[in-house]
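All remarks here apply to the structure that follows.
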Amino acid sequence: MPTDTDMKALEGVRILDMTHVQSGPTCTQLLAWFGADVIKVERPGTGDATRGQLRDLPDVDSLYFTMLNHNKRSITLNTKHETGQAIFTRLIEACDVLVENFAPGALDRMGFSWERIQEINPRIVYASVKGFGPGPYEECKVYENVAQCTGGGASTTGFDDGPPTVTGAQIGDSGTGLHLALGIVTALFQRERSGHGQRVVCAMQDSVLNLCRVKLRDQQRLAHGPLTEYPQYPNGTFGDATPRSGNASGGGQPGWIVKCRGWEDDPNAYIYVITQAAAFNALARAIGRADWIDDPEWNTPQARLPKLDRMYEEIERWTKTKDKFEVMETLNPLNIPCGPVLSMKELANEPSLRATGTVVEVDHPTRGPYLTVGNPIKLSDSPAEVTRSPLLGEHTDEVLQTVLGMTSAETEAARSEGAV
Ligand code: CAO
């Protein structure tokens, strides 16, 4: 069937984007990549605080900001100013979705409660990220690592004899943004049938816990005996909560990270190897331990479980003789799932990621070209083209005039009042 490659999945959907920092902007960036018209509302003068955070170049929007706000338009609007609020009300009328991730109650304090927003536009989907859902902490402000700690990520990450550890993957911020994006498109889908919008809320604690689902599984398994795939088994002790499992696999097939050639100097000369039962004989042969195949001490998953550490020592004896890519090339054809530990430097230069648009170079008027992560979700009929993030207020006049029909004199008057 012929496809119209110019058409985008969310074309015609207009998003009023009140998000800042990371969690909310991740969500609206995804919607923009799918073709939504995302209008980012920022405070006049300063804008999203991340524009100026972790700067690598003076007076230029930071990579933190540029990499989270592609494909959006930016307007400045003081939503605490009377004229600004009148303009904001008209934007609510003109948009399909309002997204925000301010501290709890911020939008209500500006005079825009959910009731008021529905009055202005009953079809609008109003979506929010908050740190916590209703309960003792609902009024708290939350950043990434607070969510990783309160959602179960930190207590289950790291090694048993070390402190709780957060992961580099931004499961609290970007993870919640992803959840929120799904909530928004689901609400829009329901609106097609119901005719009215709804409230969508994602708490960062809930999103992290959702991503840590297997650890709540393990919490309940603990009541019935030790977790046999964890490195604490059989010689260590288990307490009454899911412990940290080092690099053990979270699934039913054991796995671990082992050293490869060059590990003494290269912090990433490692590979993850999963000893999937179906491919075990091939692995035993590859590492020079074909004797395991007929040895009842080694030739069943049950027999191996109490001595996974010894098994991985043997695997590592072999992997240390090869670099991580050679190990990958040897084991993959044998159907042994494994993955080299790739550094950010290696990922940035990986040709296959460039070819699919998962890593893209984008040009920016004040910083020049930079690398970013493109849309990881590939739609065959809605290809995502990554365009640069907007400068602060770059589209204020354009949006107020084309979306709201304001004249240039009205826009100028709002500006001189300090409303935009
Ligand atoms: N015009 C006028 N005022 C504006 C405005 C605009 N365009 N945009 C924002 N403001 C105001 C807000 O209304 C708020 O004012 P009040 O405090 O008077 O209500 C104020 O700016 C600051 O908002 P904030 O409290 O959200 O910002 P903060 O820097 O203190 O906190 C954060 C940041 C992220 C901790 C908080 O927003 C939060 O907890 N958000 C929810 C959870 C979340 O998304 N966290 C992830 C962030 S990424 O790591």
Side-chain angles (χ1 to χ4, degrees), residues 16-29 39-54 62 64-65 67-69 72-89 91-92 98-113 116-117 126-135 137-151 153 166-181 183-184 200-208 390 392-393 395-396 399-400 414-415 417-420:
L16 187 52
D17 180 11
M18 295 285 284
T19 68
H20 66 152
V21 203
Q22 185 181 165
S23 63
T26 313
C27 165
T28 52
Q29 176 169 259
I39 300 168
K40 185 170 172 102
V41 176
E42 299 182 76
R43 219 187 315 211
T46 49
D48 186 329
T50 61
R51 285 185 186 269
Q53 286 174 350
L54 309 179
S62 70
Y64 194 11
F65 177 85
M67 291 177 71
L68 286 162
N69 290 286
K72 304 179 185 179
R73 299 200 274 179
S74 164
I75 68 168
T76 50
L77 189 65
N78 182 349
T79 49
K80 287 183 173 165
H81 184 285
E82 202 184 331
T83 306
Q85 292 186 336
I87 293 173
F88 190 58
T89 303
L91 283 167
I92 292 175
L98 168 59
V99 194
E100 62 88 30
N101 69 308
F102 291 127
L107 232 66
D108 298 74
R109 286 191 287 279
M110 286 175 198
F112 295 93
S113 63
R116 175 75 190 119
I117 291 165
Y126 173 22
S128 300
V129 170
K130 292 292 163 248
F132 295 95
Y137 304 124
E138 67 185 299
E139 297 303 326
C140 297
K141 294 187 175 185
V142 168
Y143 283 106
E144 171 69 48
N145 289 341
V146 175
Q148 288 202 29
C149 288
T150 57
V166 296
T167 160
Q170 304 285 283
I171 57 175
D173 279 339
S174 289
T176 308
L178 266 165
H179 282 85
L180 194 73
I184 290 169
V200 179
V201 182
C202 280
M204 293 169 74
Q205 180 183 42
D206 298 11
S207 299
V208 171
L392 179 62
H395 305 98
T396 305
V399 168
L400 298 190
R415 184 167 282 119
E417 271 185 70
V420 302

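What you see below is based on every heavy atom in this structure, not just the backbone, and it leaves out hydrogens, waters and symmetry mates. Because the structure is predicted, anything quoted here is derived from the model rather than measured. Note that ligands are numbered from 1 as they come in the structure, with each ligand's atoms numbered from 1 the same way.
- The contact set between ligand 1 and Val129, taken as ligand atoms under 4.0 Å from a residue heavy atom, comprises 41 (C), 44 (O).
- The residue Thr76 has no part lying near ligand 1, judged by heavy-atom distances below 4.0 Å.
- Residue contact check: Ser23 has heavy atoms under 4.0 Å from atoms 43 (C), 44 (O), 46 (C), 48 (S) of ligand 1.
- Between Tyr137 and Phe132, the ring planes are tilted. Angles from 30° to 60° get that label.
- Taking each of Asn78, Asn101, Val142 in turn, the one with a heavy atom nearest to atom 41 (C) of ligand 1 proves to be Asn101.
- For ligand 1, the atoms closer than 4.0 angstrom to any heavy atom of Val21 are 47 (C), 48 (S), 49 (O).
- Of the protein's non-hydrogen atoms, the one nearest atom 6 (C) of ligand 1 is Thr79 OG1, 3.3 Å.
- Nearest non-hydrogen protein atom to atom 17 (O) of ligand 1 is Arg109 NH2, 4.0 Å.
- Ionic pairing of Glu100 and Lys130 is present here: one or more N-O contacts between side-chain nitrogen and carboxylate oxygen are shorter than 4.0 angstrom.
- Between Gln22, Met110, Lys130, Arg43, it is Met110 that holds the heavy atom closest to atom 12 (C) of ligand 1.
- Side-chain atoms of Gln29 come within 3.5 Å of backbone N or O of Asn69 as a donor-acceptor pair.
- Close approach of ligand 1 to Leu77 (heavy-atom distance below 4.0 Å) involves ligand atoms 1 (N), 6 (C), 7 (N).
- When only non-hydrogen protein atoms are considered, atom 23 (O) of ligand 1 lies nearest to Phe102 CD2, 3.9 Å.
- Checking His81, Lys80, Lys141 against atom 35 (C) of ligand 1, the nearest heavy atom belongs to Lys141.
- Nearest protein neighbour of atom 27 (O) of ligand 1, counting heavy atoms only, is His20 CE1, 3.8 Å.
- The one candidate from Leu180, Asn101, Leu68, Thr19 that meets the side-chain contact (heavy atoms from CB on, under 4.5 Å) condition with Thr28 is Thr19.
- Ranking protein heavy atoms by distance to atom 29 (O) of ligand 1, first place goes to Tyr143 OH, 4.2 Å.
- In this structure, atom 49 (O) of ligand 1 lies nearest to the protein heavy atom Asp173 OD2, 2.6 Å.
- Using a 4.0 Å cutoff on heavy atoms, Met204 counts as a contact of ligand 1.
- For atom 36 (C) of ligand 1, the candidate residues are Cys202, Gly45, Pro44, Ala103; the nearest heavy-atom contact is made by Ala103.
- Within ligand 1, the atoms closer than 4.0 Å to a non-hydrogen atom of Glu144 are 49 (O), numbered from 1 in the order shown.
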